[in-house]
Amino acid sequence: MSTRTVIGSYLSPYVRKLLAVMNLKGLDYRIDPIAGFFGSDAFSELSPLRRIPVLIDDQLTLCDSTVICEYLDERYPQPALLPSSAADRARARWLEEYADTRMGEVFIWQLFYQRAIGPRIFGQTTDEAALQRALEVEIPQVLDYLERQLPAEGFLFGASLMLADIAIAVHFRNAAFLRWQVDAALWPRCAAYVDRVLAQDCLARLRPYEEHMLRVPVTEQRAALAAFGAPLSEETWGGQTPRRGLMKI
Ligand SMILES: N[C@@H](CCC(=O)N[C@@H](CS)C(=O)NCC(=O)O)C(=O)O
């Protein structure tokens with residue numbers, strides 16, 4: 001039985017980022033696949049912002065995908081998640097930050113929230129104006145920026161997949177759940193790069209679980225994943241009813 005537990009759903013981009021890093025480093029884990037907004041009271045004790053992912057291992061309980069991935073990289077340095085020169089490391093951290101904050105804002109808090117979480121979890125009607133603004137203005141701005149940053153071949157820092165690559169690509173997987181994809185005629189470099197990164201084994205291995213979860217309601221996902229053979233934790237920090245988040249974005 002693994003000494004590491006990841007709390008958080010396979011459908012969250014930030015959980016996907018952490019799981020891909022653990023797969024890349026060959027670290028085993030058990031997962032408590034709770035959806036965002038579905039943590040129990042006990043979950044608030046572990047995650048004061050009530051956000052996923054959380055990692056529990058033999059030494060500590062830790063929140064935030066970036067903090068957790070950096071901790072794992074320091075404890076298990078191979079393969080490295082950051083490039084070696086100071087300038088490249090700084091650029092890698094910036095691109096990861098851009099992915100976590102700006103891409104998270106437009107892909108998750110606009111697109112995914114308006115199309116999936118708001119209506120399905122909170123019974124809200126879609127804010128069509130916000131959705132259109134995301135699709136027509138905000139996402140194209142992100143793609144224009146990425147098109148100038150991403151390489152035509154390989155990954156951001158050469159032949160090895162690193163944390164910034166994973167942090168960027170995970171958001172496109174959530175967009176794909178909604179049948180949205182990068183228009184390769186407008187952003188060819190970005191479209192090819194996203195396909196290349198998502199095809200890497202550490203991310204591709206998560207797809208069967210993601211697809212399985214998409215087919216069932218949130219409250220049935222744990223049981224469905226157990227039947228599907230996912231490496232579930234014995235304990236769960238999930239609740240039965242959704243609660244509004246503490247943070248605005
Ligand atoms: N900066 C955090 C962001 C985590 C995050 O926003 N997680 C979402 C799920 S995709 C969540 O837990 N949302 C629930 C909430 O905000 O209450 C990280 O990198 O871990």
Side-chain angles (χ1 to χ4, degrees), residues 4-22 29 31-57 60-73 81-82 92-124 134 142 162-178 180 203 206 209-210 213-214 218-219 221-222 236-249:
R4 297 178 205 95
T5 300
V6 172
I7 306 176
S9 165
Y10 286 103
L11 300 184
S12 156
Y14 303 100
V15 174
R16 186 172 310 113
K17 174 181 155 192
L18 172 58
L19 296 180
V21 160
M22 294 178 86
Y29 49 82
I31 183 164
D32 178 21
I34 69 171
F37 308 104
F38 276 84
S40 62
D41 288 339
F43 179 67
S44 307
E45 301 293 314
L46 303 188
S47 178
L49 302 182
R50 290 186 54 78
R51 288 198 153 167
I52 51 173
V54 173
L55 174 77
I56 304 171
D57 76 358
L60 82 178
T61 296
L62 202 54
C63 303
D64 192 274
S65 64
T66 300
V67 176
I68 299 170
C69 290
E70 286 184 358
Y71 161 69
L72 292 174
D73 202 34
L81 295 184
L82 289 170
R93 289 195 183 98
W94 155 246
L95 289 168
E96 183 191 359
E97 169 60 17
Y98 180 78
D100 286 354
T101 55
R102 184 60 182 159
M103 292 181 71
E105 188 176 357
V106 299
F107 281 98
I108 303 307
W109 295 106
Q110 296 299 343
L111 183 63
F112 202 65
Y113 193 95
Q114 290 302 337
R115 284 247 178 104
I117 301 171
R120 289 184 209 162
I121 304 295
F122 292 113
Q124 274 173 223
V142 168
M162 291 194 170
L163 183 55
D165 298 298
I166 293 171
I168 290 171
V170 289
H171 290 292
F172 291 97
R173 185 77 184 119
N174 277 71
F177 297 155
L178 302 172
W180 179 95
L203 283 154
L206 301 170
Y209 301 118
E210 294 166 353
M213 288 190 87
L214 284 170
V218 168
T219 51
Q221 284 172 346
R222 189 178 166 90
T236 182
W237 287 266
Q240 285 300 304
T241 46
R243 302 184 197 177
R244 295 267 170 201
L246 296 179
M247 304 277 283
K248 287 272 179 268
I249 55 162

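Order of appearance sets the numbers: ligands from 1, and atoms from 1 within every ligand.
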Please tabulate, for the side chains in residues 110-122, all donor-acceptor contacts under 3.5 angstrom to protein atoms that are two or more places apart in sequence or on a different chain.
from, atom 1, to, atom 2, distance (Å)
Y113, OH, Q124, OE1, 3.3
Y113, OH, R244, NH1, 3.2
Q114, OE1, D127, N, 2.8

List the steps and the verdict of salt bridge (charged side-chain N to carboxylate O under 4.0 Å, His left out) for E105 and R102. CA-CA 5 Å; E105 188 176 357; R102 184 60 182 159; 3.2 Å; yes

Rounded distance (nearest 0.5 Å) linking atom CG of L19 with atom CD of E210: 9.0 Å

Check: residues 34-47 side-chain donor-acceptor pairs under 3.5 Å, at least two apart:
from, atom 1, to, atom 2, distance (Å)
S40, OG, A42, N, 3.4
S40, OG, F43, N, 3.3
S40, OG, W237, O, 3.1
D41, OD1, R243, NH1, 3.1
D41, OD1, R243, NH2, 2.9
S44, OG, R50, NH1, 2.7
S47, OG, R50, N, 3.4
S47, OG, R51, N, 2.9
S47, OG, R51, O, 2.8

Contact residues of ligand 1 (heavy atom under 4.0 Å), by chain and number: S12, P13, Y14, F37, R50, R51, I52, P53, D64, S65, W109, G245

With sequence neighbours excluded, tell me which residues meet ring pair (Phe, Tyr, Trp, His ring centres under 6.0 Å) with Y29. none

Drop me the distance from L60's CG to L55's CG, to the nearest 0.5 angstrom. 7.0 Å

